[in-house]
J.: 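What follows is a structure written as C-alpha cells; I'll ask about it next.
In what follows, chains are A, B, ... by sequence order, proteins preceding strands, each numbered from 1.
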Amino acid sequence: MPRPTTSKHAAAPSVSSLLADLNPEQRDAVTTKGGPLLVLAGAGSGKTRVITVRIAWLMGQRVAPRALLAMTFTNKAAREMKERVAALVGGDAAKEVTVGTFHAFCAKLLRLRGAPVGVPPNFAICDSADQQSALKAALRELRVAEAKLSPGTLQSRISLAKNRLLSRNDALALAKEPVDHLVVRAWQKYDEQLARSRTLDFDDLLLKTLALLREHDATRRELSDRFQQVMVDEYQDTNRPQYEIVRELAGRHQNLAVVGDDDQSIYGWRGADVTKILHFERDFPGAKVVRLETNYRSTVPILDAANRVIVNNPHRHGKTLRSALGDGDAVVYKRVDDEMAEAEFVAREIADRVRGGQASWRDHAALVRTATQPRALETALRGRSIPYVLVGGMSFFDRKEVRDVLAYLRLVANPDDEVSLLRAIHCPPRGVGQATLDKALAFATSEGITVGRAFDRADAIAGLQASAVHAMHEFRAKLHALGAQAPGRDLATWLHRLLKEVDYRAEVDRTYPDAKTREERWQGVEELANFAENHARRAESPTLQSFLEAVTLSQDDETQDDDEHGKDAVTVMTLHSAKGLEFPRVYLVGVEEGILPHARAVAENTVEEERRLMYVGITRAQRHLTVLCVRSRARYGQRGECMPSRFMYEMRGEAPPKGWKACGA
DNA sequence: GGATGTGAAGTTTTT
DNA sequence: CTTCACATCC
C-alpha cells in the first residue's frame, strides 16, 4: 500500500503536527487511504485518537466532509467523536461529516427514504421494554402461559433470529420443538401489532435499512457514491445486519476502515459477532491490517497480567500490549473469607489511600461481574461514608413515571401506538379496566382496526358500560386535542399542559403513599420536562417526534453523565459497563469460578468471552490493580465454597494447585 | 379496579 | 434470601 507523501494539498498545519505526534503504527492507520483497512486497536492504544485524526487527515487530502461516514455503537462514542473532530477541523466542516450510531443513521435514512420497503415516514421506534409489552400481549392473545415461554426468552429468540437475517418463514422451517413453533407464531402476532402501530423495533431499523439498500438501487447507488470513506468503530461488536449494511455502503469505493479489538468482544450474548472482525481479511480481500499494540494507559505489571490471561484464548488475532509507561506496582492478589470481608477490604483500602493523600475518590473503581455483587460493596462504602456512584442498574428512562409520561407522548405522536395506549389508559386509572380493554382488543382484531380506533367506536362494542364508553371517548378526545397543538420550541410548556390534562399527578400520588418518594417520583417527571426543554432549545427543528426519537435512541442520558463525571466518588460497576473507561486504581472483585467465569457461561461453553471480560477488567487499571476472591459466598440464600477463578492463575502464570476444582468440573 | 398474598427464579445491556 | 410477576380475593 503506497504511503501518501506530502503534496501541495498538504494537510492543515494542525493536522500535520498531529501526525507527528502519532507513533508509526497509528500514523499508518491514519494515512492508509485506499481499500479495506483493519485496525486492531489494543486496549489503551489511542483508538479514538486514530479515528478522529484520520478524519481530519482525509479532509486535508481533499476528501469532502460530506463524503465521510463514521459509525459507532453508542451515542457517547458518537458524541465524543463529533466533538473531537470539531476540535481538529472546526465546527463548520465537522458538521458535514456523518457521525452517528448505526441505529440513528438507519432511523434517519428510513424517515426520508423508507417508503420502498414499506416504512411510513412518521414511524415510531419502540425500545426493548415496549417490545416486551407487545410480546406479552402476543402471548396472551395466543393463550400461551408465560411459564411455557417467557417474554424475555421470546424477545431474545426473535432478536437473535433477526440478527441472523432469518425471516419468520426461515425460522418456521428451522423449528424443531413445539416451543419453536410457538416462538414463530408469537413473532407473527408481534409483527402484526408493530405494523398496525407503525412502529419499528431496534432490530427492524437495521433490517429495513438493509432491505432498502439491497432492493432499492437508486438509494444504494446514491449513498455508496457519496460515502467515499467509511469508518466503523468497535468493529468487534458488529452484528450481521450491521455488517451487511456497511458492506452495501462501502460497496462502491471499498474504502472501509474498521477499528476494533477482538479481545474486547464481550457482547456475543446479544448478537455481536466476533467472527466479523476475525474474518475481515477473508470478507474484504486485499485488506491491510495495522496493529496498535503500544498501550498508553497501564504499567508493565498490569499489561503482563492482561497478556498472560488473553493468550489462553485460541481464536484471536494475536496481539501483545506493550506499556509506554514503564514499570509500576505489582498486581495484588487477595483471598478473603466472604463477600463482606471483600467489600470491607476494598472500602478500607480506598479510605486509606484517600486519607493518605495519594488519591481522590474518583481515582477508584470496583468492577464486578454480576448485578448482585455491588450490594455488599455499597454497604461497606456507606459504612465508611465513602461517596460512590453505582453505574448501571435502573436507567432514568426505565423509571415508571418516565415511562408513563413517554407513553402519553408517544400516543399523542402516534394514536395507533397500542403498547402506549394500553399503558397510559391505567395511569391514572380512568374507568377503563382490563375487561373493557379485552373487549376493545377483540373488537379491534375482528374489525381489522387499531385499539385506538376501537376506542372511537366504543358505542359499537357489545357489552360495555356507558361509563366506560364515555371514558374511552374522552381519553381519545383529550389526546387528539393535545396533538392538535403540535409542540415545537414550546415542548416543555406543552408537556406540562399534557400532565395537567391527563392528571398525571394523581397517578404519582396514588402509586406512592409515602410523601418523600412521591416527591422524588415527581422529580423524575420534572427531569423529563427539563430534558424536553433542552432538546427544544438545541435541536434544529424540534418536534414531538424528534424528541421521542432522541429519547428512544439515547438511553444513556446526560443527567447521569453529569453526575458521574462531576462528582468526586468511587465508581462501582459491572465489567460490561467499564469497557472504554480507565481508572488509576482498580479492584476486580469476586474473581471466582462460577462468578468470573460465570457458571452459566461455563455451561454454555462461552468461557472465551468470560476471559475477554477479565481482560477488559484488567486493562481498565492505569497504575494499581487488586484482584480479589472469596472462600465462601452466599448465593440464592445459601452459602457455598468458592474456588479462585482459573483467570487468577492464568494472570500470574501459575498452574492451579492440587485440590483446585474448575466450575462445572 | 385495586390491594394483598403466593410462587418461581435468579449474567452481562445498548440501541 | 430477595425480588418481581401473577393470581386471587375484596
Side-chain angles (χ1 to χ4, degrees), chain A residues 71-78 100-107 125-132 136 139-140 145-147 150-153 155-156 159 162-163 200-206 209 234 237-239 241-242 265-272 367-373 375 391-395 397-398 425-437 465 467-468 471 510-511 513 549-557 573-580 590 594-604 606 609-610 612-614 616-617 633-639:
Chain A
M71 298 279 220
T72 68
F73 282 82
T74 65
N75 293 295
K76 197 175 152 208
T101 65
F102 274 98
H103 294 269
F105 176 85
C106 292
I125 302 167
C126 73
D127 64 20
S128 50
D130 302 322
Q131 205 181 352
Q132 281 244 350
K136 272 185 196 165
L139 287 173
R140 225 181 17 241
E146 287 190 8
S150 78
T153 310
Q155 184 176 31
S156 67
S159 179
K162 286 181 176 179
N163 272 308
L200 300 183
D201 65 25
F202 288 137
D203 295 321
D204 294 337
L205 288 175
L206 303 174
T209 299
E234 304 279 14
D237 289 337
T238 311
N239 66 21
Q242 288 162 334
S265 166
I266 55 174
Y267 287 110
W269 51 274
R270 66 177 200 216
L367 307 183
V368 301
R369 170 70 239 261
T370 69
T372 51
Q373 285 172 270
R375 201 167 298 164
V391 180
M394 181 129 55
S395 126
F397 293 103
D398 283 337
I425 194 70
H426 296 299
C427 311
R430 48 172 65 74
V432 182
Q434 195 56 52
T436 306
L437 284 176
Q465 299 200 329
S467 63
R510 179 188 74 95
T511 321
E549 185 160 315
V551 166
T552 311
L553 291 181
S554 74
Q555 304 267 312
D556 74 316
D557 52 321
M573 65 178 153
T574 64
L575 289 161
H576 282 92
S577 30
K579 196 174 89 166
I595 299 280
L596 181 63
H598 196 274
R600 203 155 152 179
V602 173
E604 287 168 8
T606 53
E609 184 153 308
E610 299 291 299
R612 293 193 288 263
L613 214 37
M614 181 72 188
V616 166
R633 176 180 298 276
R635 295 187 79 187
Y636 309 143
Q638 293 208 352
R639 190 153 284 285

J.: Using atom CD of A:Gln155 as one end and atom P of B:dT14 as the other, report the distance to the nearest whole Å.
T.: 14 Å
J.: For A:Gln132 and B:dT14, give me the distance from atom CD to atom C1', rounded to whole Å.
T.: 15 Å
J.: From CZ of A:Arg635 over to P of B:dA9, roughly how many Å is that when rounded to an integer?
T.: 17 Å
J.: To the nearest 0.5 Å, what is the distance between NE2 (A:His103) and CG (A:Leu200)?
T.: 12.0 Å
J.: Is the aromatic ring of A:Trp269 within stacking range of B:dT11, meaning centres under 5.5 angstrom and planes under 30 degrees?
T.: no
J.: According to ring-ring contact (aromatic ring centres under 6.0 Å, His included), who are the partners of A:Phe73, at least two apart in sequence or on a separate chain?
T.: A:Phe102
J.: Take the protein atom CG of A:Asp201 and the nucleotide atom C1' of B:dT13, then report the distance between them rounded to whole Å.
T.: 16 Å
J.: For A:Leu205, does its backbone N or O pair with a side-chain atom of A:Thr209 as donor and acceptor, under 3.5 Å?
T.: yes
J.: If you assign each of A:His103 and A:His576 to its closest nucleotide in DNA chain B, which residue comes earlier from the 5' end?
T.: A:His576
J.: Using the side chain to side chain contact (heavy atoms under 4.5 Å, CB included) criterion, which residues pair with A:Arg600? Sequence neighbours excluded.
T.: A:His598, A:Glu604
J.: Looking at B:dT14, I'd like to know if its phosphate oxygens (OP1 or OP2) sit under 4.0 Å from a side-chain N or O belonging to A:Asn75.
T.: no
J.: Determine, answering yes or no, if A:His598 is stacked on B:dT11 under the 5.5 Å centre rule and the 30° plane rule.
T.: yes
J.: What residues form a side chain to side chain contact (heavy atoms under 4.5 Å, CB included) with A:Ala634, not counting sequence neighbours?
T.: A:Glu339, A:Arg639
J.: When we call it a touch if two heavy atoms are under 4.0 Å apart, what does A:Glu604 touch: a base, just sugar-phosphate, or nothing?
T.: base
J.: Would you mind reading off the distance between A:Leu139 atom CG and C:dC6 atom C1', rounded to a whole angstrom?
T.: 14 Å
J.: Within the 4.0 Å heavy-atom criterion, would you say A:Glu610 contacts the bases, only the backbone, or no part of the nucleic acid?
T.: base
J.: Quick one: do A:Asn239 and A:Arg270 satisfy side-chain contact (heavy atoms from CB on, under 4.5 Å)? Show the steps, please.
T.: CA-CA 9 Å; A:Asn239 66 21; A:Arg270 66 177 200 216; over 6 Å; no
J.: According to salt bridge (Lys or Arg N to Asp or Glu O under 4.0 Å), who are the partners of A:Arg635, at least two apart in sequence or on a separate chain?
T.: none
J.: Could you please name the option among B:dT13, B:dT15, C:dC6 that lies closest to any side-chain atom of A:Lys136?
T.: C:dC6
J.: Let's see if you can work this out: which of B:dT13, B:dT11, B:dT15 has an atom nearest to the side-chain heavy atoms of A:Arg369?
T.: B:dT11
J.: Within this structure, what is the CD-to-P distance between A:Glu234 and B:dT14, rounded to whole angstrom?
T.: 13 Å
J.: For nucleotides 1-5 of chain B, list the nitrogen or oxygen atoms of the protein found under 3.5 Å from its nitrogen or oxygen atoms, one pair per line.
T.:
residue	atom	partner	partner atom	Å
B:dG1	OP1	A:Val432	N	3.1
B:dG1	OP1	A:Val432	O	3.4
B:dG1	OP1	A:Gly433	N	2.2
B:dG1	OP2	A:Gly433	N	3.2
B:dG1	OP2	A:Gln434	N	3.4

J.: Provide the distance between the two P atoms, one in C:dT3 and one in B:dT12, to the nearest whole Å.
T.: 15 Å
J.: In chain order, what residues pass the side chain to side chain contact (heavy atoms under 4.5 Å, CB included) check against A:Ser159, with sequence neighbours excluded?
T.: A:Asn163, A:Asp203
J.: Is the phosphate of C:dT2, meaning OP1 or OP2, less than 4.0 Å from a side-chain N or O of A:Thr372?
T.: no
J.: Across the strands shown, which category fits A:Ala601 at heavy-atom distances under 4.0 angstrom: base, sugar-phosphate, nothing?
T.: base
J.: With rounding to whole Å, what would you report as the distance between B:dT11 and C:dC6 at their C1' atoms?
T.: 24 Å
J.: What is the separation between atom CZ on A:Arg270 and atom C1' on B:dT13, rounded to the nearest whole Å?
T.: 5 Å
J.: Taking CD from A:Gln373 and C1' from B:dG10, how many angstroms apart are they, rounded to a whole number?
T.: 14 Å
